[in-house]
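Everything below concerns the one structure shown next.
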Amino acid sequence: MKNIYITTAIPYVNGNPHLGHAMDYILADVLRRYMMMQGNNVRLQAGTDEHGSKIFKKAADNNMPVKEYVDQNSQKFQDFIHSLGVDYTDFVRTTDADHERRCQQIWEKLSNHIYKSKYEGWYCEGCEGFITDKEYEENEGVCPDHKKPYVKLSEENYYLRISDFKDRIREAIESDEMKITPVFRKKEFLNLLKDMPDVSISRPKESVAWGVPVPGDDSQVMYVWIDALSNYITILGYPEKDISDFWPANTQIVGKDILRFHAGIWPAMLLGLGLPLPKNLLAHGFITVNGEKMSKSIGNVIDPVEILGKHGLVPFRYYFLRHASTTDDADFTWEKYEAAYNELANDLGNLVQRLATLAKKNEIAGQQGELKDLPEFDERMQKYEFNFAFEILWKQIMDLNKRIDEEKPWALAKTDPDKAKAVLVALTKDLLDINQRLVIFIPDTATRIDEIFTAAQIVPPETPLFPKA
Ligand code: MSP
């Protein structure tokens with residue numbers, strides 16, 4: 001049994017969980033279930049990113065003390081993750097006292113690679129980020145996301161000297177010591193790495209009050225990266241505890257927009273701390289709606305709770321795990337969602353109903369499934385092509401449907417009852433074999449299938465698994 005550590009990005013708590021956030025969790029859950037099935041001891045982290053002036057302002061807009069606001073929103077994320085059928089083993093909040101203390105210790109350990117410098121240039125108050133002269137010119141002085149003019153800023157910040165580690169990071173990525181999936185994003189990042197500047201890791205207290213104080217400098221608080229990225233190891237106890245049982249992480253899952261921080265700044269921090277790099281970084285794509293980026297200004301934001309409310313969790317996981325690519329952008333439309341639901345009902349729901357009805361008529365006792373070798377499935381899973389792995393199982397389900405049609409056990413029952421029974425036992429066993437892996441993707445359905453087809457006597461469910469509206 002191996003120890004495996006899987007991590008997910010920690011979302012900002014300046015609003016409710018949205019559809020895009022679901023991707024990190026369901027992908028991590030699939031990987032966790034797969035690795036558990038192989039007998040590993042898996043730890044899955046999740047958490048919330050709770051500092052920064054945006055969150056501070058949002059709390060004020062809501063007339064709430066900021067701590068109360070982040071407590072409430074962090075809880076919403078925890079409930080959301082559970083509603084996706086995902087069990088994490090560790091939940092980290094960046095406002096946890098343990099995290100804050102450890103994060104300050106990490107800062108101190110990195111002090112050889114941290115220097116203070118004055119930033120003078122353009123700044124976007126909406127992005128809370130520095131803007132290069134080139135970006136300023138390209139966007140004609142106005143932030144395209146926030147529609148706000150950039151402002152001139154002159155302030156003192158601490159910087160992390162990324163340049164100390166660039167060569168080592170490049171080598172680790174090129175050799176797949178820290179493997180980035182998909183490969184096109186690895187290439188994209190290696191191009192970026194060349195010009196990656198040192199990164200600002202603090203802000204003056206007067207501009208960002210809600211943050212972890214910089215040790216030894218009352219005038220500054222940490223800004224984003226040291227505080228947020230360190231969550232992956234502070235939750236394991238670093239630096240107060242030995243984390244070598246679970247670190248390096250096997251897989252860190254992030255969205256494509258934050259891959260560069262995880263492939264650049266994070267490894268720089270780890271190298272500065274003398275810690276090994278994660279073995280894999282998996283970058284997933286974005287969920288779009290009707291082909292467009294979800295955005296409040298377009299007004300096309302879909303609440304995941306609405307989707308979950310429509311047909312429950314199974315179709316949600318089915319849609320985003322079978323019909324969305326693990327690594328490319330994936331589109332959601334209600335029409336496609338309904339079509340996917342019908343597929344579930346026709347391909348799997350009907351199979352269960354038909355087979356259980358025939359089994360009951362022919363008095364077939366429950367059977368046991370077996371986890372048979374399926375190398376092409378493992379290959380897809382190891383390459384993080386979860387949708388293709390799921391596809392292999394779906395093909396097996398379709399094959400079972402075909403076999404029922406061809407072998408016609410209902411006709412056989414009249415002419416050769418023993419043969420009919422043998423056919424039904426074989427079909428039941430095969431369904432239970434598929435079910436051993438179906439549990440990775442749609443665990444609730446797999447549990448139902450197990451209950452029905454391993455019972456002393458097989459009986460069809462009173463309501464079909466996926467009732468038609
Ligand atoms: N707080 C940072 C992450 C720090 S990790 C040390 C952050 N938060 S976020 O709330 O903006 O995003 C959280 C996760 O959701 C990221 O992995 C991000 O890529 C993902 N997504 C946000 N919008 C998304 C979609 N529309 N589609 C898929 N994933 C998306 O970044």
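Ligands are counted one by one from 1 in listed order, and the atoms in each one are counted from 1 as well. Values below: every heavy atom of this structure, side chains too, minus hydrogens, waters and symmetry copies.
Each of the following atoms of ligand 1 lies closer than 4.0 Å to a heavy atom of His21: 10 (O), 13 (C), 15 (O). Residue contact check: Gly255 has heavy atoms under 4.0 Å from atoms 17 (O), 19 (O) of ligand 1. Within ligand 1, the atoms closer than 4.0 Å to a non-hydrogen atom of His262 are 5 (S), 6 (C), numbered from 1 in the order shown. Which parts of ligand 1 touch Asp49 is read off a 4.0 Å heavy-atom cut-off, strictly below it: atoms 1 (N), 2 (C), 4 (C).
Remark: the backbone N or O of Ala228 is paired with a side-chain donor or acceptor of Asn231 at under 3.5 angstrom. With hydrogens and angles ignored, the 3.5 Å screen pairs no side-chain donor or acceptor of Asn41 with any backbone N or O of Asn3.
For an aromatic pair to be called close, the ring centres must be under 6.0 Å apart, and Phe316 with Phe320 satisfies this. In this structure, the ring of Tyr25 has its center no less than 6.0 angstrom from the ring center of Tyr88. Here Tyr223 and His51 keep their ring centres 6.0 angstrom or further from each other.
Regarding atom 4 (C) of ligand 1, its nearest protein heavy-atom neighbour is Ile10 O, 3.5 Å. Atom 29 (N) of ligand 1 has its closest protein heavy atom at Gly20 O, 3.1 Å. His18 CE1, 3.8 Å is the protein heavy atom nearest to atom 22 (C) of ligand 1. Looking from atom 19 (O) of ligand 1 to the surrounding protein, the closest heavy atom is Asp257 OD1, 2.5 Å. Annotation: atom 31 (O) of ligand 1 to nearest protein heavy atom, Ile258 CG2, 3.6 Å. The shortest contact between atom 9 (S) of ligand 1 and any protein heavy atom is with Tyr12 CD1, 3.9 Å. What sits closest to atom 27 (N) of ligand 1 on the protein, heavy atoms only, is Ile287 N, 2.8 Å.
Each of Thr8, Leu31, Ile4, Asp90 was scored for a side-chain contact (heavy atoms from CB on, under 4.5 Å) with Leu44, with one residue passing: Thr8. Each of Ile169, Leu270, Ile162 was scored for a side-chain contact (heavy atoms from CB on, under 4.5 Å) with Ile265, with one residue passing: Ile162.
Cation-pi geometry between Arg203 and Phe130 is met: under 6.0 angstrom from the ring centre, within 45 degrees of the axis.
Classified by interplanar angle (parallel below 30°, tilted 30° to 60°, perpendicular above 60°), the ring pair Tyr341/His311 is parallel.
The shortest N or O to N or O distance between Asp24 and ligand 1 is below 3.5 Å.
The shortest heavy-atom distance from His284 to ligand 1 is under 4.0 Å. Heavy-atom separations between Gly285 and ligand 1 include at least one value shorter than 4.0 Å. For the ligand labelled ligand 1, residue Tyr232 lies inside the 4.0 Å heavy-atom shell.
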